[in-house]
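In what follows, a structure is listed as structure tokens, so that the remarks can point back to it.
In the text below, chain A, chain B and the rest are named by the order of the sequence lines, each starting its count at 1.
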There are 2 protein chains.
Amino acid sequence: MKTKAPTIKLIAKELGVSISTVSRALRDMPEVNPETRRRIMKYAEEVDYQPNMVATSLVNQNSRLIGVIVPNMDYFFASAVKGIDEAAMEAGYTVVISQSNESYGRELANTQRIMGSQVEGLIVSLSSETQNIDHIKKILKRNKPVVFFDRDTPDIRASKVVLDNELGAYKAVKHLISKGCKRIAYLGAEKNLQISNSREQGYLKALKEANMSIDESLIVHGKFEKDNAYLKTMELLRLKTIPDAIFAISDRLALGAYMAIKDKGLRMPEDIALVGFNDEPIMSLLSPSISSVSQPAFEMGKMAARLFIEQLNSGEEFEPRTEIFQPELKIRDSSTF
Amino acid sequence: MKTKAPTIKLIAKELGVSISTVSRALRDMPEVNPETRRRIMKYAEEVDYQPNMVATSLVNQNSRLIGVIVPNMDYFFASAVKGIDEAAMEAGYTVVISQSNESYGRELANTQRIMGSQVEGLIVSLSSETQNIDHIKKILKRNKPVVFFDRDTPDIRASKVVLDNELGAYKAVKHLISKGCKRIAYLGAEKNLQISNSREQGYLKALKEANMSIDESLIVHGKFEKDNAYLKTMELLRLKTIPDAIFAISDRLALGAYMAIKDKGLRMPEDIALVGFNDEPIMSLLSPSISSVSQPAFEMGKMAARLFIEQLNSGEEFEPRTEIFQPELKIRDSSTF
DNA sequence: TTGTAAGCGTTATCAG
DNA sequence: CTGATAACGCTTACAA
């Protein structure tokens, strides 16, 4: 019943050979007598020997563990994590994951904890609260790879995998303009969120390009939450002249706006159009369905893991790289007149 | 720039004390001279010393890593994983995660890989394909804790955290009956999925209790996918007399049914009522909103982690335990006449 | 209070 | 082809 895990030492003793021979045989090294190898393999099989990776990690100074910290597990990050896991698996790595719940304190604690688990580095997407990234810089100083994913910060020299957020927003707003919208609101999140800023830039760029005036009262920076987006939208809908379209920088926010619009009894898109960001599956199921800018989350996750591993293997002299993915606008009922 | 991680050996040499003294000081052991301790702490702080958990793991024969394998990362599992992570964190554990994508082959490979990472055991939710669980039994034989989560199997003596699935289904169907539905279809998944069977039992129980006849043509076992559910629902809607209600054992399937019903131009609930399972957020946002049986995923995840850790600490003589959570029926438009 | 030394399970170097 | 032996970074008797 109670079986302690067998070690190569045990196998060696049992078979009357040396530890090193067992080690070599088990790892398919060339210089082992075929017969000896067969005996060892057979016995290992019998006792269901599993190499102790902790010991291997200690001697090889590597754990084949990739640390991942995400702010939450919504559709976007779940897909990304799947991509990371996929690429990690292919390269023989395993993913150690942790969620910050959009809290800076949690992110800090998780970073400590996860690095303590001897992961070889970190793929991280910053929480919406995070302003200070000393905790990440420390890792870089230790010469361990860090890859920023989606939520990055300009303030650091590290590899990144991001979407061309400005372009995504630009496409969305340009689309609304082409549909004849004149008063397009911007529903954003915390100002320290890089993605929020980039998307705001895209919004502004589209307006300027169309020679439309920028109305500050239509630009709102709320929190990165559905409920807050609901509140902020309600405020927008109480303006003397309400916007005729809302561009939300995330589906999470778009959903809040959607509910506010419905609760106000307004029609979409007749009274007000709406475009979100992320293209979560739910967007196409709602009635009316909601337009959204889609990002290839799964592919981005894969890329992040690949970049990470590449960086890991390249040793010291690695030049940080930024991989930019292209957004795609999915046009649906909420912006189709 | 390039800093190698400092070790206690280095600190010891630098400070002219012995390795053991450093080790003791760093771990707040009593028998250390306060002054010596201060010096060590201070220096450790300066060089940002981080204990090497791999080495500690090797000595202590524990990694403080919990392996988690889930079939996918939909809302239910994402919430559950959050719960696991939360409880793990509180106890000083870290989560190593892996998704099987509902594939038995993947589950097998991931189990190998993840156990190789020296996690102390596994919290697992079986893939919908899994029939054989020898890979799990092996872990148990090694005396490592295994906790089944949601998707379990009767065929093993291990701890489990599950919902009272039969009750959930029973409640849903009973509700439909009370609303006057006469021909209630059951939209299920693979027969080897325990949750599918339990929910079918609940469905049958409710019908029998109401003295309603069981119509085999209304009981369908498809695959655990939205698209397949769509197809299966279309078949149901082609029957000479179509059902007046569908109970889907998962929101994923309910969504497929929802789309089929819409595409057929039928009204919900007037022509056909619908109840799902899991209570994903999307269910309340659709129009009509869809009724669903909700399970406390987050709490269940927490419980799984707690059970796991408890089992870990209790050593050999641990009696497997099954924790059963209570479902709650959320009634919405799709079944409100 | 501090130091020495053995040991955790592997890998790798160097002789045989 | 095989076997000692040191080393990885840390903990823990046992000594001093």
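- The rotation axes computed at either terminus of the helix from C:dT1-D:dA16 to C:dG16-D:dC1 lie 40° apart, taking five pairs at each end and rounding to 10 degrees.
- Going from atom CG of B:L58 over to atom P of D:dG9 covers 12 Å, rounded to whole Å.
- Using a 4.0 Å heavy-atom cutoff across all strands shown, A:Q61 reaches sugar-phosphate atoms only and no base atom.
- Contact annotation for A:T36: backbone-only contact, meaning every heavy-atom pair under 4.0 Å involves sugar-phosphate atoms and none involves a base.
- Side-chain polar atoms of A:T130 and A:S127 form a donor-acceptor pair below 3.5 angstrom.
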Discussion item. Pair B:D134, B:K141 - check salt bridge (Lys or Arg N to Asp or Glu O under 4.0 Å), show working.
Written reply: CA-CA 10 Å; B:D134 286 350; B:K141 246 186 230 141; over 6 Å; no

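- Taking the ring-ring contact (aromatic ring centres under 6.0 Å, His included) definition, one finds that A:F298 meets it with nothing, sequence neighbours left out.
- Between atom OH of residue B:Y104 and atom CG of residue B:N192 there is a gap of 11.5 Å, rounded to the nearest 0.5 Å.
- Between A:N62 atom CG and D:dG9 atom P there is a gap of 13 Å when expressed in whole angstrom units.
- Checking the phosphate oxygens (OP1, OP2) of D:dA4, no side-chain nitrogen or oxygen of A:S18 falls inside 4.0 Å.
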Item to complete: Go along nucleotides 10-16 of chain D 5' to 3' and tag each nucleotide: B for a protein heavy atom under 4.0 Å from its base, S when only backbone or sugar atoms are that close, - otherwise.
Response: BBBB---

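- Taking the charged nitrogens against the carboxylate oxygens, B:D48 and A:R142 do have a contact shorter than 4.0 Å, which makes a salt bridge.
- Residue contacts shown for A:V54 are absent, as no nucleic acid heavy atom lies under 4.0 Å away.
- A salt bridge links B:K42 to B:E46: at least one charged side-chain nitrogen sits closer than 4.0 Å to a carboxylate oxygen.
- For A:L26 and C:dA12, the CG to P distance is 14 Å, given to the nearest whole Å.
- Crowding of A:E31 atom CD: a count of heavy atoms from other residues, nucleotides or ligands under 6.0 Å exceeding 12.
- Listed here is the closest heavy atom pair of B:H135 and B:N132: NE2-O, 3.3 Å.
- When rounded to the nearest whole Å, the span between CZ of B:R39 and P of C:dT1 equals 16 Å.
- Using a 4.0 Å cut-off between a side-chain N of Lys or Arg and a carboxylate O of Asp or Glu, A:K302 and A:D85 do not qualify as a salt bridge.
- For A:Q118 and D:dC8, the CD to C1' distance is 12 Å, given to the nearest whole Å.
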